[in-house]
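Below is one structure, written out as structure tokens; the observations come after it.
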Amino acid sequence: MANLGYPFTLGVASGEPAPDGVIIWTRLAPDPLGLDPGRPGGMPRQEVPVRWQVAEDQGFSKIVRQGTAHAQHAWGHSVHVRVDGLRPGREYFYRFSADAPFATPDNPATSPVGRTRTAPAADSGAAVSFAVVSCQRFEHGYYTAHRHLAVERPDVVFHLGDYIYEYGRPAAPAPGRYVRPLEAPARECTTLHDYRNRYAKYRMDGDLRAAHAAAPWVTTWDDHEVEDNYAGTRPADGSDPAAFARRRTAAYRAYFEHLPLRIRPDGDGLQMYRWRPYGTVADFLVLDSRQHRTGTDMLGPAQEQWLINRLRSSRARWKVLVQPLFFAERIFPGPPPAVGRDAWDAFKEQRARIMAAAGEGLVVLSGDVHNHWAGELAFDGTGNSLGAEFVCSSVSSAPSGTDNAAVLAANPHLKYFDGHRGYLTGTVTRDRFEVSFRTVDFVDRPGAPVSTSAVFGVEGGRLRRLDV
């Protein structure tokens with residue numbers, strides 16, 4: 001068989017850190033945007049062995065785990081290796097390699113090196129550094145935020161949804177909104193092949209690859225990984241339910257194939273809500289706000305019960321909800337109903353039950369709205385804050401028009417707004433929860449510098465500005 005070319009065009013990634021291990025990921029794609037659905041990524045219909053190594057040093061002189069995985073055609077030749085037997089709270093490095101039909105003397109088929117880090121031991125009180133990203137519409141701008149995040153090398157990165165956008169290119173794009181072209185034929189994603197190539201287009205971006213290679217990621221999804229504003233098994237546009245079921249199944253499969261997840265899709269679903277403990281400092285509770293949603297229920301009964309049980313049983317200092325949608329009450333000026341329909345304001349009873357179960361030490365990390373916000377969660381009827389929320393802006397997705405000064409005035413528990421693209425970084429100890437709002441000046445061209453627009457700490461459930 002002729003040489004197919006370099007297979008690691010989509011880079012490497014790690015995720016789902018536990019005290020004793022992580023998932024490491026890659027996907028073989030010598031022709032990542034190939035148009036033949038029968039040869040995803042340009043790969044033939046055959047199983048391919050892929051060697052992997054994990055080491056304590058970047059030069060791989062101290063290899064601690066290694067083995068061979070098998071990239072299968074049915075899963076787009078993606079590779080998910082569950083690496084166990086590692087030490088807690090430690091930095092590791094990993095890489096992949098493959099032989100024929102990829103390797104030549106001038107082009108060795110070895111992947112880039114990735115860095116990862118295991119979670120601390122269950123009894124550890126060590127500090128945790130994290131980053132948060134959300135909403136990275138490729139055609140809306142460059143991923144400069146990811147490049148800066150990669151340099152910071154946090155312990156873990158949380159992605160809060162809209163990893164891809166399913167849209168095709170409109171006939172008349174809004175001026176200034178379409179900075180970079182999509183993959184050919186630039187149509188809306190509806191099939192497995194469409195979604196695979198859209199993920200491949202995103203993952204070919206060097207800045208995104210750098211961010212994945214710099215730290216382990218824990219991800220959840222929002223709507224655009226399937227279709228704008230879909231809920232559960234219902235398409236947003238009222239189209240044929242059977243056709244939408246096929247589309248959602250394809251979208252979930254492609255999501256798994258391109259991210260370092262522990263669990264494969266099962267039938268037409270994919271288990272997304274999960275618990276990522278970081279010692280005695282923080283329990284990160286990752287939520288799925290889409291797959292199980294009905295008209296009056298954001299999470300579905302099973303997920304809500306799981307969450308409430310986890311909140312009540314948590315022994316960590318901080319209970320952190322990792323989820324895509326605005327959690328705090330946010331009233332918009334104007335005639336009622338003046339609250340967001342695709343936010344927790346539309347699910348007030350479920351939100352109240354979650355708040356009641358959480359008690360002290362609740363922090364919510366959110367995304368979706370393409371701007372930075374910080375607010376307090378004042379739901380006990382006395383004006384006392386029961387927790388804090390940090391809303392991450394988008395990496396590149398353009399914001400909608402909102403009178404944010406009026407929103408702040410109408411919601412005194414919301415303490416901060418910034419309209420730049422960017423990301424969050426944070427440091428958590430048993431004594432403090434501190435978050436920095438990181439912003440870039442522009443995304444319509446590469447090379448924007450990064451700066452910190454604000455730093456907040458959480459004390460007694462209240463927000464305190466630390467940088468003024």
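The chain is numbered in sequence order, starting from 1.
The closest side-chain donor-acceptor pair between Y416 and S453 falls under 3.5 angstrom. Checking D266 against Q271 by side-chain atom types alone, no donor-acceptor pair falls below 3.5 Å.
Not counting sequence neighbours, the partners of A29 by the side-chain contact (heavy atoms from CB on, under 4.5 Å) test are T9, L10, P32. Partners of T233 under the side-chain contact (heavy atoms from CB on, under 4.5 Å) rule, at least two apart in sequence or in another chain, are R248. Partners of R177 according to the salt bridge (charged side-chain N to carboxylate O under 4.0 Å, His left out) rule, which considers only residues two or more places apart in sequence or in another chain, do not exist here. Partners of Y178 under the ring-ring contact (aromatic ring centres under 6.0 Å, His included) rule, at least two apart in sequence or in another chain, are H140. Every residue two or more places apart in sequence or in another chain that forms a side-chain contact (heavy atoms from CB on, under 4.5 Å) with A127 is listed here: T429. Listed by chain and residue number, nothing satisfies the ring-ring contact (aromatic ring centres under 6.0 Å, His included) test with Y423 (two or more places apart in sequence, or in another chain). With sequence neighbours left out, F256 forms a ring-ring contact (aromatic ring centres under 6.0 Å, His included) with W75, H80. Applying the side-chain contact (heavy atoms from CB on, under 4.5 Å) criterion to E227, with sequence neighbours excluded, gives E166, Y230, P235, A236, D237, F244, R247.
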Tabulate below the donor-acceptor pairs under 3.5 Å that side-chain atoms of residues 390-398 make, not counting sequence neighbours, or state none.
| from | atom 1 | to | atom 2 | distance (Å) |
| --- | --- | --- | --- | --- |
| S393 | OG | H370 | O | 3.2 |
| S393 | OG | H420 | O | 2.7 |
| S393 | OG | R421 | NH1 | 2.8 |
| S394 | OG | S397 | N | 3.4 |
| S394 | OG | S397 | O | 2.6 |
| S394 | OG | R421 | NH1 | 3.0 |
| S396 | OG | R137 | N | 3.1 |
| S396 | OG | R137 | O | 2.8 |
| S397 | OG | C135 | O | 3.1 |
| S397 | OG | R137 | N | 3.0 |
| S397 | OG | Y165 | OH | 2.9 |

Cut-off 3.5 Å, no hydrogens considered: what does the side-chain donor-acceptor table look like for residues 154-161, sequence neighbours left out?
| from | atom 1 | to | atom 2 | distance (Å) |
| --- | --- | --- | --- | --- |
| D155 | OD1 | R117 | NE | 3.4 |
| D155 | OD1 | S129 | OG | 3.4 |
| D155 | OD2 | S129 | N | 3.0 |
| D155 | OD2 | S129 | OG | 3.4 |
| H159 | ND1 | G161 | N | 3.2 |
| H159 | NE2 | Q136 | OE1 | 3.1 |

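Note that R276 lies outside the cation-pi zone of F284, set by a 6.0 Å cut-off to the ring centre and a 45° limit from the axis. Both the sub-6.0 Å distance and the 45° axial angle are not jointly satisfied by R432 relative to the ring of W318.
In this structure, Y278 has its ring center no closer than 6.0 Å to that of F130. You'll find the ring centres of W217 and H146 inside the 6.0 Å limit.
Residue pairs meeting the ring-ring contact (aromatic ring centres under 6.0 Å, His included) criterion with at least one partner in residues 294-317, sequence neighbours excluded, are Y273-W306. Counting only residues at least two apart or in different chains, ring-ring contact (aromatic ring centres under 6.0 Å, His included) contacts with residues 338-369 comprise F327-W344.
The backbone N or O of L386 sits nowhere less than 3.5 Å from a side-chain atom of E376 that would complete a donor-acceptor pair. The backbone N or O of D288 sits less than 3.5 Å from a side-chain atom of Q303, completing a donor-acceptor pair.
You'll find the side chain of Y167 stays beyond 4.5 Å of the side chain of R187, heavy atoms only. Contact of the V320 side chain with the L285 side chain is not registered, since no non-hydrogen atoms from C-beta on lie closer than 4.5 Å.
The pair E360-K319 does not meet the salt-bridge criterion, since no charged nitrogen lies less than 4.0 angstrom from a carboxylate oxygen.
Within 6.0 Å of the CD atom in E188, the count of heavy atoms belonging to other residues, nucleotides or ligands exceeds 12.
Of the options R27, R196, R264, a salt bridge (charged side-chain N to carboxylate O under 4.0 Å, His left out) to E257 is made by R196 and by none of the others. When each of T116, V54, V113 is checked for a side-chain contact (heavy atoms from CB on, under 4.5 Å) with F93, only V113 meets the rule.
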